Amino acid sequence: MDALHILIELTLMPLVAFVVGLFMVLMMRRIAARIQRRVGPPLLQPLYDILKLYGKQTQISHGILHDIGIIMAVGGYIAAETMLPVPGMNGIADKAGLITLAYVLMVPSLGLALGVGQCANPNGSIGISRALTAMLAYDIPFVIVIFGVAWQAGSNNLVDIIALQQVDGIASWGIVQTPLLAFAGLFALHAILGKHPFEIYIAPAEIATGPMVEMGGKYLGGLFVMQCFQLYTAGVIYTSLFLGGGENWLTFLVKSFAVVAVPICIAYLFPRFRTEDVVRLVWKWPVMLGLIGIAFVMN
Amino acid sequence: MTPLDYLLLLSLLTVVIALVAGHRSMGGVWLTFTYAAQLGGLMLMAGLTNQPDVITSSLSFTILGQSLTWRYDALSWYFALITISAGLLSTMYTAGDWGEKFRADGGNLWLLHVAIALNVLSMLILLGSGDLLTLFIGWELVSWASFLLMILAGGPSIQAAIRYITYAMGGAMAILAGLALIYGHTDSFTYPAAANILHSLSTAHLWAPLLLLTLGFGVKMALLPLHLWQAAAYAHTPGPGAAFLGAISSRMGLYALIVVLIQLVGLVRVIELPVLFSFISARDVLAWVAAFTIIFPTFTALRQNDARMLLAWHGIGQGGYMLLGLVMGDALGSAGGLMHVFNHATYQAALFFSVAAVVYRTGTADLNRLGGLVARMPLSFLAMLVGIIGLAGLPPMNGFVSKWLVYRSLMLEGEPLLFVAAVVGTLGTILSVYKLIHNMFLGQLRVEHENIREAPWSMTAPMLILSVVVFVTGLMPGLVLQWIAGIQATVGLPVIDYSLGGLDSAQGSLDMLWVVGVLFAGFGIGAVLFYSGGRTHRVHQLDNYAGGHFLSADIRYHYSDNFYPGLMRLIGPLYRYSFAWLESAVQSGLGLLSLSTQGFYRRVAPANYALVTAVLVLLWVML
Amino acid sequence: MIKDIPIIAEQAQQPRRTNPLAHVFDELMNFARSRSLFMLHYCTGCGAIELPPAMTSRFDMERLGIQPMVTPRQADILLVTGYVSIKTLKRIILTYEQMGSPKHVIGICSCTVNGGMYWQSYATAKKLDEYLPVDLYIAGCMPRPEAVISGLQKLIDNIKHGKSDNWKDYYQRYDHYLGNQQHLFGNNWQTPTDVIGEAREYGLFGPQTLGQHTELLESVQKPLQPLEMKL
Ligand code: SF4
C-alpha cells in the first residue's frame, strides 16, 4: 500500500464517520421524538447546532487545559476512527488491534476529564467522577466480550475478525456463533453510549449536565462533534464484532444504524439509575453472560 | 580490572563522597556527577544486551570453601541501568533548592545522600551476585540500606520502617531456610549446582525451597499478603527518596524471583508443578497472587487522601503486572513484565517528583487541601500528566506498551479471568490517578496558593527528563524491547520479535509509531477545528456556573473529598481490611507464643515438668 | 429616579461584507443560528407553566430547532417567564452575563413588560428592559403556548435577517444598564463576570460602555483577574 493511498484512507475515514455520525444523532433525536409523540428536528438539525456553536461570537475559556481537553476529545476520536475498518478501507486497523482500539477510545474521555477539571466547577467534577465510575462498570463486560471474540477468531485484529465472519454469510456472524457474547456486548454498548437509564454523568436536572456545565460555543460544539463520532464508533465496533462487518457500504450502514437504534429505542423508555445501581447492574448481567459465553467459546 | 570493577568502585566512590561531602551545599552536585559516571561505567557494559554473555568482577572471596563471585549479565545490566538512573535523578532533584529546604526544615541532608548512595551500591552488588550466597548477602545489604533510607526522616516514618524491617527479616529467614534446604542437597551455592539439584528434585520436595524463596523475595516485591509494610514506608520517605524507592527498590525482589523461578527452577517446571491435592499448578498460584496484587492495592490506592500514599499503593499494584507477565512465560508476557519494570520506574519517579514539588511549594500532599495548581505549577502538572497516563497504561505513554504485551499474552494463553483482573486493575488506576491530578492540579485554586510559583529548575528538570523518557519509550518501545530481548535470550525465555514501534509478529501486532502518529494527527485536526471556531475570552475561575449564585474567593468550590461516592456506596463495604487483620492476628499469635514460652521458663514448676516427663517416659516404654 | 433612556429598538444594520463568499458565509451562519436555538428558561413566575406544553408533544419546539439547555454557557435564549423580584433579578443578570453571544432575552408575561399585576409591589422590578437588552416580549397573563411559539418564530425570523443584535447594546451601553442595576441593588453591586473586559476583547465598545457607573463599579469591585499560567 503506498503512502498516498493510506493518506487518503486516513482522511476519508474520520470524514465518513462524522457524516454518518451526524445522521445517527439525527436518528437518535427523531426516535426520541417519535417515542414522545413529537415530530422531531429537521434533517440538518445536528449540523445547524454544530455550525451555530462554532460560530458563537463571545465564548469563555477557563484556561489552556479547557481548550486542550476539547482538542483531545475530538482528536482522540478522529484517531480512533482510522482504526475501525469500513468496507474498502482498513486504515491502520492492522497496526493496532482491538485492545489498542479499546484504550485509544479512553483518550478522548481522559482529555475531556482534564478540560472539565480546569473549569473548577463541582458539577463538572461530579460528572467526571460518575463518568469514570460508569467506565469502570461497562469496560469490564466490554473487555470480556473483546476477549471472547478475539479468542473465537484467533486474532485480535478487526480486519481478520470481519473476514472470518464473512466466510459463509449469516451463519458465520458473531451474533449467531456466540449469541451470549453478542448480548453482553449489546448491553455494554448501551452503557457505553451513556443513554438512559445509564445517563448518570449527564443528569441535567441533578448536576447540570455534568461535564458540559461550563462548555459553551465551540467547546460544546466540539462535544457535539464528539457525540457523532461516539455513536458511529459504537455502531461500527459492534457491527464488526458480531454482525460480520460490512460486505458493502449499504449493508454496513444498515447494520450500524440498526445497532445504534436498539439501545436508543430502549433508552427513552427509562428514567435514570443511581450510580451504584448502574455499576451493580452492569457488573451482574452482562458480565455473567459474557463469562458464560467465553466458557462456551473456549471449549 | 573489568568494567564491572570500575562500576562497583565508582559506586563505592559515590558513597565515600556522600560521606565526606554530603553535608556541603555543593555535595549534591558532585554526587550527581559521580552517578553520571556510574551510568557511563554501565554503558561500557552495554554490549551485554546483545549477546548472552557475562562480565565477571575480578573481586572474589573464598569463605569456608565457598567462593563468592560477582558478575553481570543482560538482566543485571537492565536493572542496574534503572537503579543508577533513579539514583542520578533523585540526587539531581535533591541537589538544588529541595535539599536546602529539607535541611532548613531540620532534615538530615547528609544522611539522605549517604542513604541513596548506599542503596545504589548495595543494589549493584545484589544485581551482580554470581551464586546463591552472594545473592543472600546482597539481599541483606539492600534490606538494611533501604531501611536506612526509610527511617531517616523520623516521625511517622520510624514506625513504618520498623514494620518494613520486621517483614524483611522474616523474609530473610525464609530465604535462608530455602538456601539451607538447597545447600543440604548440593553442598554448593553455585547457580548451576542449584539448578541441577532443583531439576532433579521430586515435586513434593521442590515445593519447600520454592515456597520459602518466593515468600522471602515476595516480601520485597510486596506480593499479597506481604504488602502491608510498603505504602507507608515509601510514602513517609522524604520526596526524592520516595521516588528512588518507588522506582526501583522493590523490583529487587522481582530480580531475585527471576533468578530463582526462571534461571534456577525453570519456568517450564513451574508451569508443570502441580499444587498437591488439586488441579492447579504453581504458575496458576503465582499468577493469581499477581492478579490480587494488582487489584487490592489499586483499589486501596483509590481510597487514599494523601498523594504520596496513593502513589505508593499503586507501586505495589503495578508490581503485580510485572509478575503476571513473567509467569505467563511466553515471549510477549515476559517481555511485558520485564518492560514494565523500566516503564514503572520512569513514570513513578516522575510522579513522586511532581508530588514532592507540590509539597515543596504548598507544604501539604493532602488531596483535600490542594487544587487548581495547574495555573501556578504548569511544568509539575505536565510531568504528573505524562506520569499518570503512563501509570494508567493509556496510549501514547510507555505504560501502555508493557500492559498491552501482558494483556495480549493473557489472551493468547487463554486466561480470561486473569485478563479481566488485569483490566480491572487498569480501570481502577485510571479512576485513582484522575482523582490525584484533579484534586491537586485542577479545579479551584485556593486563596492561600494564589501567589506560589513553579518549583525551581533543579526540581523540574529531572521530572521533565523522565516525562520525555516516558513519552519516547512509548512512541518507540523498540528502544527498551531490545534490552528485553537480550534478557530473554540470557535467562532462557522465548525471545520477543520486536520492532522499533512495538512488535510485528504472528501473535499480534502493535505499531506505536503509527498509533501515536495518528493520535497526534487527530489532535492536530482537533486543534484546527477548535481554533477555527470563534475567539475565546479567558475568565476568572469564579466566573462560573453556580445555579445563579455569586461565587467569591472564600467559597470552597472544589469537589475533592470522597471523589467516587457512587462506587464507594457499592464497593465500600468490601474494604474489610482483612490483610491488616491477618497481620495483627499473626502479630498477636506470635505475642502469645512468646508469652507462653516466657511463662514456661520463668515460672518454675518442677513438679509439672516431672509429671510430664514421667508420662512421656511411661508412654514410650509402653508403646 | 431611573432616567428613561429608550432602548435602541432598531439597530443600525451591519454593512454587508463586500467579499461575496464572506457574505454567503454570514448568511449561512445567520441561518444556522436561527435554526438552532438553545434556551435557558429562567422560570421566575407563573408563565413557566406554559413552557412544557410548548416543548412537548402538543407543540414540539424541537421542530424549530429549539431545545432546552441547562446552564447559561450553553444557551442562546434567556427566557424570563414572569414577574422578576429584585432578588431574582440579580441572578438573571448574572446568568445573562455568563451566556455566550449572540444571546437573546425574551420576556414572557406582562409582568416582565411593566410589572403587570405586581406593579405596586416594592420587591418587583417593573421593566426588564431597563436592566437587560430584551429582544422580544410575549405579553399576556399568561401567554398561551401558541403565543410563545409564535413569539419564538418571530425571533427566528429576526435572527435569520440579522436584526436581532440587542446583545451588542448591552456591551455598547453597559454604563446605562449598570446604572439602572446600581440604582436598584445599591452601589456595591457587582457580578463575578467581566463585561467591560469582554467588550474590550471583542471590540464591542460603544460610546456609553464606560461612564460614571462603571467608574463606581471599578471603585468597589474586588479584582477578578483570570489566573494566568505563571512559570
Ligand atoms: S403576567 Fe400574569 S401569569 Fe405572568 S407572571 Fe405576571 S401574574 Fe403571573
Side-chain angles (χ1 to χ4, degrees), chain A residues 10 54-63 65 67 70-72 74-76 78-79 82 92 94-97 99-100 103-104 106-107 110 113 117-118 120-122 125-126 129-130 132-133 135-136 139-140 143-144 147 150-151 156 208 213-214 217-218 221-222 274-276 279-280 294 298, chain B residues 372 374-375 385 389 393-395 400 404 407-408 411 414 416 419-420 423-424 427-428 430-431 434 437-438 442-445 508-511 514-515 518-519 521-527 529-530 532-539 541 543-545 547 557-559 563-567 569-570:
Chain A
L10 292 188
Y54 271 93
K56 279 283 214 179
Q57 290 178 5
T58 69
Q59 327 195 9
I60 60 104
S61 159
H62 275 286
L65 263 188
D67 308 355
I70 298 300
I71 293 174
M72 276 176 79
V74 177
I78 291 178
T82 61
I92 61 162
D94 48 354
K95 297 190 175 58
I99 311 177
T100 314
Y103 280 84
V104 167
M106 290 181 191
V107 171
L110 185 76
Q118 179 150 43
N121 193 307
S125 300
I126 294 173
S129 134
R130 290 182 180 192
L132 290 177
T133 308
M135 188 187 79
L136 175 65
D139 258 358
I140 294 177
V143 296
I144 290 177
F147 184 95
W151 182 265
N156 80 335
V213 63
E214 279 292 299
K218 59 183 175 182
R274 289 164 61 107
T275 315
E276 62 264 38
V279 182
R280 192 178 292 132
I294 285 190
M298 292 187 68
Chain B
V374 60
L385 180 63
I389 298 178
L394 296 180
F400 171 70
W404 186 93
Y407 299 143
R408 187 67 197 129
M411 271 184 154
F419 177 74
V420 171
V423 174
V424 169
L427 294 172
I430 295 178
L431 261 66
Y434 180 71
I437 200 166
H438 173 271
L442 304 175
Q444 189 190 18
L445 185 71
S509 58
L510 173 73
D511 196 338
W514 272 102
V515 173
V518 166
L519 201 58
F523 291 162
I525 299 172
L529 276 179
F530 181 81
S532 65
R535 253 178 93 182
T536 58
H537 174 63
R538 180 86 167 76
V539 295
Q541 59 180 358
D543 180 358
N544 216 320
Y545 171 76
Y557 206 50
H558 186 41
Y559 177 71
F563 200 77
Y564 296 105
L567 187 65
R569 271 200 290 274
L570 186 66

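Below, chains carry the letters A, B, ... as their sequence lines are ordered, and counting in each starts from 1. Keep in mind it's a predicted model, so treat the numbers as computed, not measured.
- Heavy atoms of B:A521 lying under 4.5 Å from chain A are absent altogether.
- When each of A:Q59, A:H62, A:E214 is checked for a side chain to side chain contact (heavy atoms under 4.5 Å, CB included) with B:V539, only A:H62 meets the rule.
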Using the side chain to side chain contact (heavy atoms under 4.5 Å, CB included) rule, take B:V423 and A:I140 through it: C-alpha gap first, then chi angles, then the decisive distance, then the call. CA-CA 7 Å; B:V423 174; A:I140 294 177; 5.7 Å; no
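- Counting heavy-atom pairs under 4.5 Å between each of A:L110, A:V74, A:I99, A:V279 and chain B puts A:I99 at the top.
- Heavy atoms closer than 4.5 Å to chain B are found in both the backbone and the side chain of A:T100.
- Looking only at heavy-atom pairs under 4.5 Å with chain A, the residue among B:Y559, B:F530, B:Y557, B:Y545 that has the most is B:F530.
- A search for side-chain hydrogen bond (donor to acceptor under 3.5 Å, both in side chains) contacts involving B:N544 returns A:N121, not counting sequence neighbours.
- Only the side chain of A:I70 comes within less than 4.5 Å of a heavy atom of chain B; its backbone N, CA, C and O stay farther away.
- If you measure heavy-atom distances from A:M298 to chain B, the contacts under 4.5 Å come from the side chain alone.
- Here the closest non-hydrogen pair linking A:G76 and B:F523 is N-CE2, 3.6 Å.
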B:W514/A:L10 under side chain to side chain contact (heavy atoms under 4.5 Å, CB included): CA gap, chis, key distance, verdict: CA-CA 11 Å; B:W514 272 102; A:L10 292 188; 4.0 Å; yes
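- Interatomic distance, CD of A:Q57 versus NE2 of B:H537, reported as 15.5 Å (0.5 Å rounding).
- A search for side-chain hydrogen bond (donor to acceptor under 3.5 Å, both in side chains) contacts involving A:Y103 returns B:Y407, not counting sequence neighbours.
- Listed here is the closest heavy atom pair of A:A113 and B:Y434: O-OH, 2.7 Å.
- In this structure, B:F563 and A:S125 approach most closely via the heavy-atom pair CZ-O, 4.2 Å.
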Working for side chain to side chain contact (heavy atoms under 4.5 Å, CB included), residues A:T275 and B:Y564: CA-CA 10 Å; A:T275 315; B:Y564 296 105; over 6 Å; no
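- With a 4.5 angstrom heavy-atom cutoff, A:R274 touches chain B only via side-chain atoms.
- Residues A:A120 and B:G443 share a closest heavy-atom pair of CB-C, 3.5 Å.
- Nearest approach of B:L394 to A:M106, heavy atoms of both residues: CD2-SD, 3.6 Å.
- Residues A:I78 and B:G526 share a closest heavy-atom pair of CD1-N, 4.4 Å.
- Looking at B:H438, the atoms closer than 4.5 Å to chain A (heavy atoms on both sides) all sit in the side chain, from C-beta outward.
- Heavy-atom pairs under 4.5 Å with chain B peak, among A:S61, A:G55, A:G221, A:A79, at A:S61.
- The greatest number of non-hydrogen atom pairs below 4.5 Å with chain B, out of A:Y54, A:W151, A:F147, is found for A:F147.
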